[in-house]
Amino acid sequence: MLSVHSSPLARLGGKEAGGMNVYIRELSRELGRRGLAVDVFTRAQDATTPPIVALDRGVRVISLRAGPAAPYDKNLLLDYLPEFINRVRCFAESEDLHYDVLHSHYWISGQVARALRQAWGAPIVHMFHTLGSMKNEVARSDDERETGGRIAIERDLLQSVDAVTAATPLDRAQMVWHYGADAARIRVIPAGVDLQRFQPRDRDAARAALGLPAAPHRLVVLVGRIEPLKGIDALIEASAQLLAARPALRGHYTALVVGGEPEDATERWNAEQRRLGALRDALGLGDAVVFAGARTHEELPLYYAAADIVTMPSHYESFGMAALEGLASGRPVVATDAGGPAFIVEDGISGLLTPPAAPDRLAGQLGRILDDDALAALLAAGARQRARRFGWPTIGCEIMQVYRDVLHGARPAVAV
Ligand code: UDP
């Protein structure tokens, strides 16, 4: 596994570490359980992480020094790739290892995979996780725009790797539309969810354990990194509209954002969180929108369980693992129909969909569930049912089939 810029050991919910880290960690563990030996190569971002960490049976994370031992702008990381590639090769030689398959994640690691394939001849399975062209399509400022270099590398990778996995049929279609990719080389394999960790639990007990207000207080939970793409501003504006239309809810409603930094650490808030805090204050939402700060994956099940609704109002998600975790936790999910969530959430069955950047529509969908306990119960049951398709054992099995195909030189068949 190659994941240069982001380690599966990273603290989740910060600026850079999120779905991709969880994906690589959980997929690797699943492959380990299936008897594969997996080494995850990543760039060391601090001086304290040991160079080799055993993640699970058969799975190691190898952190290699290449460039500064600190977080680094991913667009500038390209300068350090030759060093990184050499270190991977040296490591393999020193342990006398021969890898059968290279599985690269994100455009930067795709470059590493190509160099290693040249040296070793092993086939490449690549996953983009996000596409630069899609990010540019929804970017609202130059800061959010991805470089032309990234787009060019993504286009090259689509032509040169042995197989690509897309998280959803739409993800695959976007590779075809925006990059002219050959759809036959792209297999749709969604991300997974840990169905044991994330399962329906008692709401009252979860709230008591977290010190959150008991029912009938209403709680809407959003789990995610705090960045403009996540559309957290839409949730804040929707909350204002919900409360304006339902004065009785005032003082009995909280939108809880899990990710970023907590309320008492404003000095560490990034620009987006400061912007969101100012919006909340300007709308007079005081206690109705609360930033909980990032939580570990182990802590999250209680947050989902505490929720009446889990929401993902993103402008763009190639997948949206937090939406899937909400479903697995048996909570109705209200998500935007921008990308992955439209594939994960079946509108009216396991949750409700809403267009991105449309707070009035989001408020409408949240309100429908908050006003109608029967609908909430129906969606909650449908949510868990939907999540069952995405257990890691199923996903691991599908990925191993791609490995077999590239090893035997077969073009992966197109499956949706
Ligand atoms: N996450 C977490 N703690 C946090 C915030 C997020 O563990 O405080 C996890 C979340 O559970 C999910 C992942 O980070 O597994 C986010 O993935 P998603 O696909 O929702 O968003 P991405 O980070 O890929 O944009």
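Counting convention: from 1, in listed order, for ligands and their atoms alike.
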**Student:** Return a yes/no value for Ala322: is any of its N or O atoms, backbone included, closer than 3.5 angstrom to an N or O of ligand 1?
**Tutor:** yes
**Student:** Could you check whether the rings of His105 and His103 sit parallel, tilted or perpendicular, using 30° and 60° as the cut-offs?
**Tutor:** parallel
**Student:** Less than 3.5 Å between some nitrogen or oxygen of Thr296 and one of ligand 1, yes or no?
**Tutor:** no
**Student:** Would Val22 count as a polar contact of ligand 1, with the cut-off being nitrogen or oxygen pairs under 3.5 Å?
**Tutor:** no
**Student:** Which of the numbered atoms in ligand 1 are under 4.0 angstrom from any heavy atom belonging to Arg225?
**Tutor:** 22 (P), 23 (O), 25 (O)
**Student:** Does the separation of the ring centres of Tyr304 and Phe198 fall below 6.0 angstrom?
**Tutor:** yes
**Student:** Output the list of atoms in ligand 1 that are nearer than 4.0 Å to some heavy atom of Met312, sorted by atom number.
**Tutor:** 20 (O)
**Student:** When you measure from the centre of the six-membered ring of Phe343, is the NZ or CZ of Arg386 closer than 6.0 Å and no more than 45° off the axis?
**Tutor:** yes
**Student:** Less than 6.0 angstrom separating the ring centers of Phe41 and Phe84, yes or no?
**Tutor:** no
**Student:** Would you check if the distance from the ring center of Tyr99 to the ring center of Trp120 is below 6.0 Å?
**Tutor:** yes
**Student:** I need the contact type for Leu300 against ligand 1. Using non-hydrogen atoms and a strict under-4.0 Å cut-off, is it side chain, backbone, both or neither?
**Tutor:** side chain
**Student:** Closer than 4.0 Å to some heavy atom of Lys230 - which atoms of ligand 1 meet that?
**Tutor:** 21 (O), 22 (P), 25 (O)
**Student:** List ligand 1 atoms under 4.0 Å from Ala294, heavy atoms only on the residue side.
**Tutor:** 8 (O)
**Student:** Between Thr394 (side chain only) and Phe390 (backbone N and O only), is there a donor and an acceptor less than 3.5 Å apart?
**Tutor:** no
**Student:** Can you find an N or O of Gly19 that's nearer than 3.5 Å to an N or O of ligand 1?
**Tutor:** yes
**Student:** Which of the atoms in ligand 1, numbered in the order shown and given with their element, are less than 4.0 Å from a heavy-atom of Gly259?
**Tutor:** 8 (O)
**Student:** May I ask you to check whether Tyr23 and Phe319 place their ring centers less than 6.0 Å from one another?
**Tutor:** no
**Student:** Any idea which atoms of ligand 1 are less than 4.0 Å away from a heavy-atom of Glu325?
**Tutor:** 10 (C), 11 (O), 12 (C), 15 (O)
**Student:** Ion pair present between Glu227 and Lys230, side-chain N to carboxylate O less than 4.0 angstrom?
**Tutor:** no
**Student:** Give the numbers and elements of all ligand 1 atoms closer than 4.0 Å to a heavy atom of Gly320.
**Tutor:** 19 (O), 20 (O)
